[in-house]
Amino acid sequence: MLTKGQMQKYAEILLWGLKTARKEKYKKGDIVLLRFGLAAVNMAEVLQGKILETGFIPVLRTGSSPVMEHNFYEKADRRQLTFVGPWETELGKHLNGSIFLHAPDSLTHLADLDSRKIGKAAVARKPLRDLLREREERGKYGWTLCTVPTAELAKHAGLTLKQYTHQVVRACYLDKSDPVGAWRDIYRNANEIKKWLNNME
């Protein structure tokens, strides 16, 4: 598991990533959706605090448990599968940013289900994705995400949870004194390479 200090650094990286992902500058009062798996609740608590300190308005959304998700795709009828609340569209129209904490408790719990039902639910939500894509293109919306270590992810990687967490810490520079600075350097170098490649035409 990540330490409190590592979670603080992770939250700072995510907020930097969110601000970097949007063309238009964020301002106080902007609405940021924070979605997280149940296993990431501790990380979500830290990040919510950082979002509030920044002056943004956090909207919190907890993901379904594997049992809930399986229930939905197994038992929902067509109307239930394709239902999208009008509040979702209304939120999308005003959403300025989104952060997703990927922390699955299971990776295989939907393996026995009809993939067509999963597809129908995904298609029903396409207008929401289109709405956010359009806002992103206009510079009104930005997003970022991260992986929070879980026992399930570690198991599928063939590692212990401690080993998997160590890999995430190293990959995201959470062991550095200034991880945001390290990410800024990567971002700057990537942009320089992009410009160099574009000039080769």
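All residue numbers refer to positions in the sequence shown, counting from 1. Predicted, not measured: the structure shown is a model, and the values here were computed from it.
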* Asked: Taking it one step at a time, do Arg135 and Lys93 satisfy side chain to side chain contact (heavy atoms under 4.5 Å, CB included)?
  -> CA-CA 8 Å; Arg135 285 183 60 76; Lys93 290 177 182 176; 5.6 Å; no
* To do: Take Gln80 and Lys75 through the test side chain to side chain donor-acceptor pair (under 3.5 Å) and record every step on the way to the result.
  => CA-CA 9 Å; Gln80 291 169 323; Lys75 301 180 179 185; over 6 Å; no
Over all heavy atoms of both residues, which pair between [X] and [Y] is shortest? Give the atoms and the distance, please.
X      : Y      : result
Thr82  : Lys120 : CG2-O, 4.1 Å
Val168 : Tyr10  : CG1-OH, 3.8 Å
Leu101 : Cys146 : CD2-SG, 3.5 Å
Ala40  : Val148 : CB-CG2, 4.0 Å
Leu34  : Ala44  : CD2-O, 3.7 Å
His109 : Pro66  : CD2-O, 3.4 Å

Would a hydrophobic clustering, with Ile, Leu, Val, Met, Phe, Trp and Tyr connected at side-chain separations under 4.5 Å, put [X] with [Y]?
X      : Y      : answer
Leu132 : Leu18  : no
Leu81  : Leu113 : yes
Leu95  : Leu145 : yes
Val123 : Ile118 : no
Leu174 : Met7   : yes

Kindly compute the distance separating [atom1] ([X]) from [atom2] ([Y]), expressed to the nearest 0.5 Å.
X      : Y      : atom1 : atom2 : answer
Phe36  : Arg61  : CZ    : CZ    : 11.0 Å
His156 : Ser106 : NE2   : OG    : 6.5 Å
Lys162 : Gln167 : NZ    : CD    : 13.5 Å
Leu131 : Glu90  : CG    : CD    : 10.0 Å
Gln8   : Thr3   : CD    : OG1   : 9.5 Å
Lys9   : Ser177 : NZ    : OG    : 6.5 Å

So do [Y] and [X] actually touch side chain to side chain, heavy atoms under 4.5 Å?
X      : Y      : result
Leu91  : Ile31  : yes
Leu153 : Leu161 : no
Leu15  : Leu47  : yes
Ser65  : Leu38  : yes
Arg35  : Ile99  : no
Thr54  : Lys28  : no
Asp178 : Val180 : yes
Thr150 : Tyr164 : no

Do [X] side-chain atoms and [Y] backbone N/O form a donor-acceptor pair below 3.5 Å?
X      : Y      : result
Asn96  : Tyr141 : no
Lys117 : Glu74  : yes
Thr165 : Pro149 : no

Any Lys/Arg nitrogen of [X] or [Y] sitting under 4.0 Å from an Asp/Glu carboxylate oxygen of the other?
X      : Y      : answer
Glu137 : Arg133 : no
Lys140 : Asp30  : no
Glu152 : Lys155 : yes
Asp114 : Arg116 : yes
Lys4   : Glu45  : no

* Show the numbers, then the answer: is there a side chain to side chain contact (heavy atoms under 4.5 Å, CB included) between Lys195 and Asn198? => CA-CA 5 Å; Lys195 288 177 184 175; Asn198 287 338; 5.7 Å; no
* Got a sec: does the CZ of Arg78 have more than 12 other heavy atoms crowding it under 6.0 Å? -> no
* To do: Return yes when atom CZ of Arg129 has more than 12 non-hydrogen atoms of other residues, nucleotides or ligands closer than 6.0 Å, and no otherwise.
  => yes
* Asked: Angle class for the Tyr173/Trp183 ring planes (parallel below 30°, perpendicular above 60°, tilted otherwise)?
  -> perpendicular
* Asked: How about Phe100 and Trp143: are their ring centroids closer than 6.0 Å?
  -> no
* Asked: Would the Phe56 and Tyr26 ring centres measure less than 6.0 Å apart?
  -> yes
* Output, in order, the C-alpha distance, side-chain angles, deciding distance and verdict of side chain to side chain contact (heavy atoms under 4.5 Å, CB included) for Glu69 and Tyr73. => CA-CA 6 Å; Glu69 198 170 15; Tyr73 289 115; 3.8 Å; yes
* To do: Evaluate the side chain to side chain donor-acceptor pair (under 3.5 Å) criterion for residues His70 and Asp112: first the C-alpha distance (whole Å), next the side-chain angles of each, then the deciding distance (0.1 Å), finally the verdict.
  => CA-CA 9 Å; His70 192 281; Asp112 63 323; 3.0 Å; yes
